[in-house]
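Report on the structure given below.
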Amino acid sequence: TLAHENSRYSHTSGDNVVMGSWLIEKKERNHTAVRSRRNLSNNVPDKVVDALLEAVRGAGTPLCKRHYSLKKALLHKTQGLDKFTWADRNAALDIGAKDQDETYTWEEAVAAVKSGYQKFSPTMADLFQGMVDEKRIDVPAVDGKKGGAYCSAAVPGIGPFQLLNFEGTKGDVMTLAHESGHGCHDILAYPQGILQFHPPLTLAETASIFGEMIVFRDLLAKAPSKEDRLAMLMSKIDDIVNSVVRQCSFDNYEQQVHEARAKGQLAPADFCQMWEKSVVDYYGAPGEIFDSYDDSSHLWTYVSHFHNVPFYVYSYAFADLVVGSLYGVYQQSSDGFEDKLLELLRAGGTKGFVEALAPFGLDPSQPDFWTNALEAHLGGLLNEAEELSKELGYL
């Protein structure tokens, strides 16, 4: 359409400028690779990021395909979907209780989050309760309020503050757990001072996603039926695939276009072609899992990170898989776990990624760290979903 054409041309112009500037900076600063500049600002070595991307491409892609093969089968069996297109990948499953997501009062949500936090860190549970008691959370969804949710650290001694749009859904409970993790992280790191309390992107989501995972497991255990449990598992796997595999496919696309830009300016068709290649590399050729990728070649234009913060996207995969590894350590032995976690959070931006994880016996510079995280985190949930699907007669 004309709108798509206009969007492609405007984004082509802007992205060519941004990539040209990034290329000049790479040459002037003598950076090794196209994403080295971002790695430096994230306080993480190139080899650690390379190990992550290699693992997701090698081990994450097959898990991604397994997930969407399962989802395709479930949507066909439960909702009669005959053609599985790119637009269907995040579709909700119409199974389980119809009004399951409308049953949480604010008080119940607070109790659920506090109970989850208490299991792995009484200190963070107390910090969370403090934010609630001090009314640092703008809770209700009201007319004229900004949508979504976030936590603002503000400055040490003043923040943190949360904005929510709470309507009582299970997702709203998870959001409260997530944003409160950010708030706890901020409070713990404030003693580092205004210049060093904020963690690098690779560690900024540690408390938030870990707290969210614990609360998710609590809610999953309380699911009223196997159908509800399956729906929750599939929704969670959707989130992880989007945070890990999808974001690394974005990074792959960025690498392609940045390396191509070094040879000259790119046309809209070049961007579309490289976008399509990344999709096929990570999700399979048309007909393998997805029956069609129609009308998706221009979707690179909606990812604002590409021109606002180049090579930012892999940070999402970092966060999810680091939490997957930490959760594995916690499951194996919770003894001493809280002290190590609080030490990591209190460091703020004063520790590098590798140094921060060393007390847990984790070495993110090794490819098997990321492969093991994928298998334990994403693979574990996928195994549960597949077994439940067979048990319920959907496969």
Side-chain angles (χ1 to χ4, degrees), residues 87-118 124-155 158-187 204-205 207-224 228-229 231-243 246-247 302-305 308 316 319-320 323:
D88 300 313
R89 72 190 186 282
N90 291 324
L93 292 176
D94 188 18
I95 57 176
K98 304 302 181 187
D99 59 351
Q100 171 74 13
D101 284 339
E102 301 299 331
T103 60
Y104 294 90
T105 65
W106 171 246
E107 291 73 20
E108 289 170 338
V110 169
V113 173
K114 185 175 181 180
S115 174
Y117 276 30
Q118 190 74 33
M124 286 182 62
D126 289 343
L127 292 176
F128 165 68
Q129 187 63 54
M131 287 186 280
V132 174
D133 294 343
E134 294 170 14
K135 300 188 184 303
R136 292 180 173 274
I137 307 174
D138 186 344
V139 178
V142 296
D143 289 343
K145 185 177 181 179
K146 178 181 176 66
Y150 62 85
C151 180
S152 172
V155 295
I158 301 296
F161 302 101
Q162 291 183 50
L163 179 140
L164 303 179
N165 279 276
F166 184 84
E167 295 182 308
T169 69
K170 190 182 285 92
D172 289 339
V173 179
M174 303 299 294
T175 298
L176 174 62
H178 182 101
E179 299 305 336
S180 296
H182 282 304
C184 291
H185 198 163
D186 292 335
I187 295 169
E205 299 288 339
S208 56
I209 296 180
F210 194 89
E212 185 181 341
M213 174 58 75
I214 295 290
V215 173
F216 167 77
R217 280 294 180 182
D218 276 4
L219 295 178
L220 186 66
K222 298 173 184 175
D228 286 285
R229 185 178 177 86
M232 287 183 65
L233 283 168
M234 292 299 291
S235 177
K236 186 65 174 176
I237 298 169
D238 276 340
D239 291 343
I240 296 172
V241 168
N242 284 331
S243 293
R246 182 150 172 74
Q247 299 300 328
Y302 88 93
V303 186
S304 60
H305 301 70
N308 290 336
Y316 293 108
D320 245 311
V323 167

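Note: hydrogens, waters and symmetry copies are ignored here, and every other heavy atom, side chains too, is used.
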query = If we ignore angles and hydrogens, is there a donor and acceptor under 3.5 Å between the side chains of His185 and Glu205?
reply = no

Test item: Gln162 and Ser180 side chains (from C-beta on) under 4.5 Å apart, heavy atoms = yes

query = Minimum heavy-atom separation for Ala177 to Gly211, with atom names?
reply = CB-O, 4.1 Å

For Lys236, salt bridge (Lys or Arg N to Asp or Glu O under 4.0 Å) partners two or more places apart = Glu212

remark   = Which of Asn242, Asp238, Asp239 passes side-chain hydrogen bond (donor to acceptor under 3.5 Å, both in side chains) with Asn90? Answer is Asn242

ask   = How far apart are the closest heavy atoms of Leu164 and Glu179, and which atoms are they?
value = CD2-CG, 4.2 Å

Where Arg246 and Tyr302 come nearest, the two heavy atoms and their spacing = NH2-OH, 2.7 Å

note = Interatomic distance, NZ@Lys170 vs CG@Asp228, rounded to 0.5 Å, equals 6.5 Å

query = Taking all atoms of both residues into account, what is the closest heavy-atom pair of Ala149 and Thr175, and its distance?
reply = CB-CG2, 3.5 Å

remark   = In this structure, CG of Leu176 is separated from CZ of Phe128 (nearest 0.5 Å) by 4.5 Å

inquiry  = Quick check: do Val241 and Arg89 have side-chain heavy atoms less than 4.5 Å from each other?
reply    = no

task = Verify the distance criterion only: is there a donor paired with an acceptor across the side chains of Thr169 and Asp172 at less than 3.5 Å?
result = yes

Distance-minimising heavy-atom pair for Cys184 and Leu127 = SG-CB, 3.8 Å

inquiry  = Using 0.5 Å steps for rounding, measure from the CG atom of Leu163 to the CD1 atom of Ile137.
reply    = 11.0 Å

task = Side-chain contact test, heavy atoms from C-beta onward, threshold under 4.5 Å: evaluate it for Val132 versus Gln129 and give yes or no.
result = yes

ask   = Which residue pairs pass the salt bridge (Lys or Arg N to Asp or Glu O under 4.0 Å) test with at least one member in residues 132-141, sequence neighbours excluded?
value = Glu134-Arg136, Asp138-Lys145

ask   = Any chance the side chains of Ser115 and Gln118 put a donor and an acceptor closer than 3.5 Å?
value = no

ask   = To the nearest 0.5 Å, how far apart are CE in Met131 and NE2 in His182?
value = 11.0 Å

remark   = In terms of heavy-atom contacts, His178 and Ser208 come closest through O-CB, 2.9 Å

request  = Would you check if Arg229 and Leu220 make a side-chain contact, meaning some heavy-atom pair closer than 4.5 Å?
outcome  = yes

ask   = So do the side chains of His305 and Tyr316 get within less than 4.5 Å of each other, counting heavy atoms only?
value = yes

ask   = Just by distance, do the side chain of Tyr117 and the backbone of Gly181 share a donor-acceptor pair under 3.5 Å?
value = yes

